[in-house]
> 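Can you read through this structure? Questions will come right after.
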Amino acid sequence: MTLLAINALETFYGASQALFGVDLDVEAGEVVALMGRNGMGKTTTINSIFGLARPRAGTISFAGRYLGGMRPHRIARLGLGLVPEGRRCFPNLTVRENLLAAARGSEWTLQKVSELFPRLDERRDQYTNTLSGGEQQMLAIGRALMTNPSLLVLDEATEGLAPVIRQDIWAAIRKLKAGGQSILVVDKTLAELLPVVDRCFVLEKGATVFTGRPDELTPALQDRYLGV
Ligand code: ATP
């Protein structure tokens, strides 16, 4: 079953066009990477899915429903969970309060988030602004999961995090995948990202230029589309 389908998407910021034809789809149970160099349109694609940027052409459908014109809170309620770039959580709430504030549905509970991120459980009564960057990212993922999303979307899953914490995040993503969670993920560290994903979409100048399995994204293609 196709969970997310994006076709020929064009999105603008005012008069300036950022997306020129993005095609992307995520099947239920898949982990999909959205890739591309800086400024190629990954965040804009994600913002378009969540109703945070306004597409001018093309379509986005989720679980068979067109999202065009829908407000962000309604889109989220359809079962889309976002872990935004920069991991925004409420700074004046504790870890526990942050998680409970996000709760919707019954599958994901504080208990389940604690099992996924034991570190977060140890800090459950701490205020968010006292957490390390990695702990904040775990909390941001935990918050998104508490909404029981059918699709979890991570923009820059491990950016700026210490290597040991990055491994914790990837381990959590693998566990979620094993549990059947559908995931769309952006990350710059190819060596960590590629082994986790089923398929990749690469953007260049706001358009999809490659779709395929990680083993089809050859070193030559990586160099062409993702090299610096
Ligand atoms: P990065 O890896 O640097 O986050 P990205 O692939 O996520 O890059 P986007 O942030 O989607 O890329 O940017 C796509 C294009 O849209 C870029 O040319 C960028 O300068 C432009 N852009 C992004 N946000 C805005 C904005 N708020 N207003 C105007 N232009 C924007």
Side-chain angles (χ1 to χ4, degrees), residues 4-26 31-62 67-73 75-76 80-89 133-134 136-137 140-141 144 149 151-163 165-166 169-170 173 182-197 199-212 214 217 221-228:
L4 178 71
I6 299 180
N7 281 297
L9 189 70
E10 296 184 30
T11 297
F12 291 67
Y13 292 104
S16 140
Q17 187 164 4
L19 301 186
F20 293 82
V22 170
D23 298 299
L24 183 156
D25 63 279
V26 181
V31 178
V32 168
L34 177 57
M35 308 168 81
R37 281 193 283 259
N38 287 350
M40 293 304 179
K42 303 178 298 293
T43 298
T44 304
T45 299
I46 290 174
N47 286 345
S48 302
I49 299 169
F50 283 85
L52 304 168
R54 289 279 162 210
R56 219 180 269 185
T59 57
I60 305 175
S61 71
F62 181 70
L67 305 185
M70 234 186 250
R71 300 218 165 248
H73 67 274
I75 292 172
L80 276 153
L82 176 61
V83 181
E85 195 174 5
R87 35 189 180 265
R88 291 179 283 272
C89 295
Q136 288 187 29
Q137 181 66 340
I141 297 171
L151 179 64
L152 179 69
V153 179
L154 298 114
D155 194 357
E156 301 295 356
T158 66
E159 192 178 41
L161 304 183
I165 299 287
R166 309 166 69 85
I169 301 287
W170 289 118
I173 291 173
S182 312
I183 300 173
L184 177 64
V185 56
V186 172
D187 197 273
K188 293 202 173 70
T189 313
L190 291 191
E192 294 174 2
L193 174 67
L194 289 177
V196 179
V197 304
R199 278 192 307 142
C200 313
F201 287 82
V202 178
L203 303 186
E204 189 167 65
K205 295 183 182 149
T208 303
V209 290
F210 171 89
T211 305
L217 189 61
L221 288 172
Q222 290 180 26
D223 195 48
R224 175 160 160 203
Y225 295 130
L226 306 165
V228 277

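When a ligand or atom number is given, it counts from 1 through the structure's own listing order. Being a predicted model, the structure only gives us computed values, none of them experimental.
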> Among residues at least two apart in sequence or on other chains, which ones pass side-chain contact (heavy atoms from CB on, under 4.5 Å) with F20?
Q17
> Is the backbone N or O of G36 less than 3.5 Å from a side-chain atom of K42, with the two atoms forming a donor-acceptor pair by type?
yes
> So for ligand 1, is S16 a polar contact partner (N or O within less than 3.5 Å, distance only)?
no
> At what distance is the nearest protein heavy atom to atom 23 (C) of ligand 1, and which residue and atom is it?
Y13 CE1, 3.4 Å
> Output yes when a protein non-hydrogen atom is found under 4.0 Å of atom 19 (C) of ligand 1, and no otherwise.
no
> Below 4.0 angstrom from a heavy atom of K188, which ligand 1 atoms are there? Numbered from 1 as shown, please.
2 (O)
> Counting non-hydrogen protein atoms only, what is the nearest one to atom 9 (P) of ligand 1? Give residue, atom name and distance.
T44 OG1, 3.6 Å
> Please answer whether the main-chain N or O of A8 pairs with a side-chain N or O of D23 as donor and acceptor at a distance below 3.5 Å.
yes
> Out of curiosity, Q222 CD to L190 CG, how far, rounded to the nearest 0.5 Å?
5.5 Å
> Ignoring angles and geometry beyond distance, decide whether T45 reaches within less than 3.5 Å of ligand 1 through its nitrogen or oxygen atoms.
no
> If you count the atoms of ligand 1 from 1 in the order shown, which ones are under 4.0 Å from a heavy atom of A18?
15 (C), 16 (O)
> Counting only heavy atoms from other residues, nucleotides and ligands, does the tally under 6.0 Å from CZ of R224 exceed 12?
no
> Go through ligand 1 atom by atom and flag the ones less than 4.0 Å from a non-hydrogen atom of E85.
4 (O)
> Using a strict 4.0 Å cut-off to heavy atoms of M40, name the atoms of ligand 1 that fall inside it.
5 (P), 6 (O), 12 (O)
> Do N47 and Y13 come close enough that some side-chain heavy atom pair is under 4.5 Å?
yes
> Looking at atom 11 (O) of ligand 1, is any protein heavy atom nearer than 4.0 Å to it?
yes
> Can you find a pair of side-chain heavy atoms, one from V153 and one from L4, that are under 4.5 Å apart?
no
> Do T44 and T11 have a side chain donor and acceptor closer than 3.5 Å?
no
> Which atoms from ligand 1 have a heavy atom of T43 less than 4.0 Å away?
4 (O), 5 (P), 7 (O), 10 (O), 11 (O)
> Heavy-atom pairs closer than 4.0 Å: do any link ligand 1 to the side chain of R37, the backbone, both, or neither?
backbone
> Quick check: G39 and ligand 1, any N/O pair under 3.5 Å apart?
yes
> Taking E159 for its side chain and K188 for its backbone only, find out whether a donor-acceptor pair lies under 3.5 Å.
no
> Tell me the protein heavy atom at minimum distance from atom 2 (O) of ligand 1, and give that distance in Å.
K42 NZ, 3.0 Å
